[in-house]
Amino acid sequence: MSEALLRLDGLVAGHRAPVVGPLSFALGRGEVLGLWGGNGSGKSTLLNAIARAARVFAGTIRRAPGLRLSYQEQRPVRLDPMPMTGADLLRAAGLDPRRAPAPLVALLGQRLDRLSGGQYQLLCVWCALGAEVDLVLLDEPTNNLDPGAERSLRALLETARADRAVLLVSHERAFLEAVSTRVLTLEAGGRS
Ligand SMILES: Nc1ncnc2c1ncn2[C@@H]1O[C@H](COP(=O)(O)OP(=O)(O)OP(=O)(O)O)[C@@H](O)[C@H]1O
């Protein structure tokens, strides 16, 4: 494995109380670590802890110096009241729409309030995946995606993963296994 971008050592994370861990793993460029586990097993909490949005109770999270991170959260905020297009959304996320991959091209000129849930989801996932970052956190990226859009997402992941590390939560086992280089299972009830 290349030099670790992220290293967890005995991490226990949660909110008012611990909900996940202790967990230890390292993640390097080119790797896609899939997180598997039942509802409430702490998958989103783990991503939040890495993004500094949940509490660390024990252990450490070591990030490579200057680590740049993007995060597609489980419930994307919709910007419907604003007269924005898909291209505007990508620009707002710091991406160049002219470099958008093929599955997104048809969405660039459309207003966000006229996109379906799955089309909007695909744009949001690309905002995280296509950003100039080292580590991408994806929480249920296949939400609202039909099989065709899911294939597009696989292609987007393949495009992006070469020079990034990806930490990905999904309840779709076949998808998780197809796109991940490793799968980590979190046990419901708080410990892995
Ligand atoms: N902001 C919060 N404040 C307090 N408790 C929280 C908060 N977010 C999540 N929890 C609790 O932490 C536990 C783990 O939740 P989390 O969302 O991390 O699980 P998950 O594995 O991502 O679940 P799911 O598969 O349902 O999305 C749950 O018991 C949940 O109620």
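In each ligand, atom 1 is the first atom listed, and ligand 1 is the first ligand listed.
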- Geometric N/O contact Thr45 with ligand 1, under 3.5 angstrom: yes

- Message: Just to check, does Gly14 reach to within less than 4.0 Å of ligand 1 when the distance is taken from its heavy atoms?
- Response: no

- Query: To which protein heavy atom is atom 21 (O) of ligand 1 closest, and what is the distance rounded to 0.1 Å?
  - Reply: Lys43 NZ, 2.7 Å

- Query: Are Asp96 and Arg99 ion-paired here, with the side-chain N under 4.0 Å from a carboxylate O?
  - Reply: no

- Message: Out of all atoms in ligand 1, which are within 4.0 Å of some heavy atom of Ser41? Include the element for each.
- Response: 19 (O), 21 (O)

- Task: May I ask you to say whether Arg154 pairs ionically with Glu158, meaning some side-chain N is under 4.0 Å from a carboxylate O?
- Result: no

- Tell me: protein heavy atom nearest atom 9 (C) of ligand 1, and distance? His15 NE2, 3.4 Å

- Protein heavy atom under 4.0 angstrom of atom 30 (C) of ligand 1, is there one? no

- Item | Contact (N/O only, under 3.5 Å) between Asn39 and ligand 1 | yes

Let me have the donor-acceptor pairs involving side chains of residues 115-123, under 3.5 Å, with sequence neighbours excluded, atom names and distances please.
from: Ser116; atom 1: OG; to: Gly118; atom 2: N; distance (Å): 3.4
from: Ser116; atom 1: OG; to: Gln119; atom 2: N; distance (Å): 3.1
from: Ser116; atom 1: OG; to: Gln119; atom 2: OE1; distance (Å): 3.4
from: Gln119; atom 1: OE1; to: Ser116; atom 2: N; distance (Å): 2.8
from: Tyr120; atom 1: OH; to: Val77; atom 2: O; distance (Å): 2.7
from: Gln121; atom 1: NE2; to: Glu140; atom 2: O; distance (Å): 3.2
from: Gln121; atom 1: NE2; to: Pro141; atom 2: O; distance (Å): 3.0

- Message: Checking side-chain polar atoms at under 3.5 Å, does Thr142 have a donor or acceptor matched by the opposite partner on Glu172?
- Response: yes

- Selection from Ala49, Ala54, Ser44 by shortest heavy-atom distance to atom 22 (O) of ligand 1: Ser44

- Could an N or O of ligand 1 be found under 3.5 Å from any N or O of Gly42, whether backbone or side chain? yes

- Message: Under 4.0 Å between a side-chain nitrogen and a carboxylate oxygen: does that hold for Arg29 and Asp134?
- Response: yes

- Message: Quiz question: by atom type and distance under 3.5 Å, do the side chains of Ser44 and Asp139 form a donor-acceptor pair?
- Response: yes

- Task: Report the part of His171 (side chain from C-beta onward, or backbone N, CA, C, O) that has a heavy atom under 4.0 Å from ligand 1; answer both or neither where that applies.
- Result: side chain

- Message: Closer than 3.5 angstrom, by distance alone: can the side chain of Ser24 be matched with the main-chain N or O of Asp9 as a donor-acceptor pair?
- Response: no

- Query: Can you tell me the protein heavy atom closest to atom 13 (C) of ligand 1 and the distance?
  - Reply: Val19 CG1, 3.8 Å

- Can you check whether Gly40 has an N/O within less than 3.5 Å of an N/O in ligand 1? yes

- Spell out, as yes or no, whether a donor-acceptor pair under 3.5 Å connects the side chain of Lys43 to the backbone of Gly37. yes

- Query: In the protein, what heavy atom is nearest to atom 27 (O) of ligand 1, and what distance, to one decimal place, separates them?
  - Reply: Gln74 NE2, 3.1 Å

- Can Thr85 and Asp88 be counted as having a side-chain donor-acceptor contact under 3.5 angstrom? yes

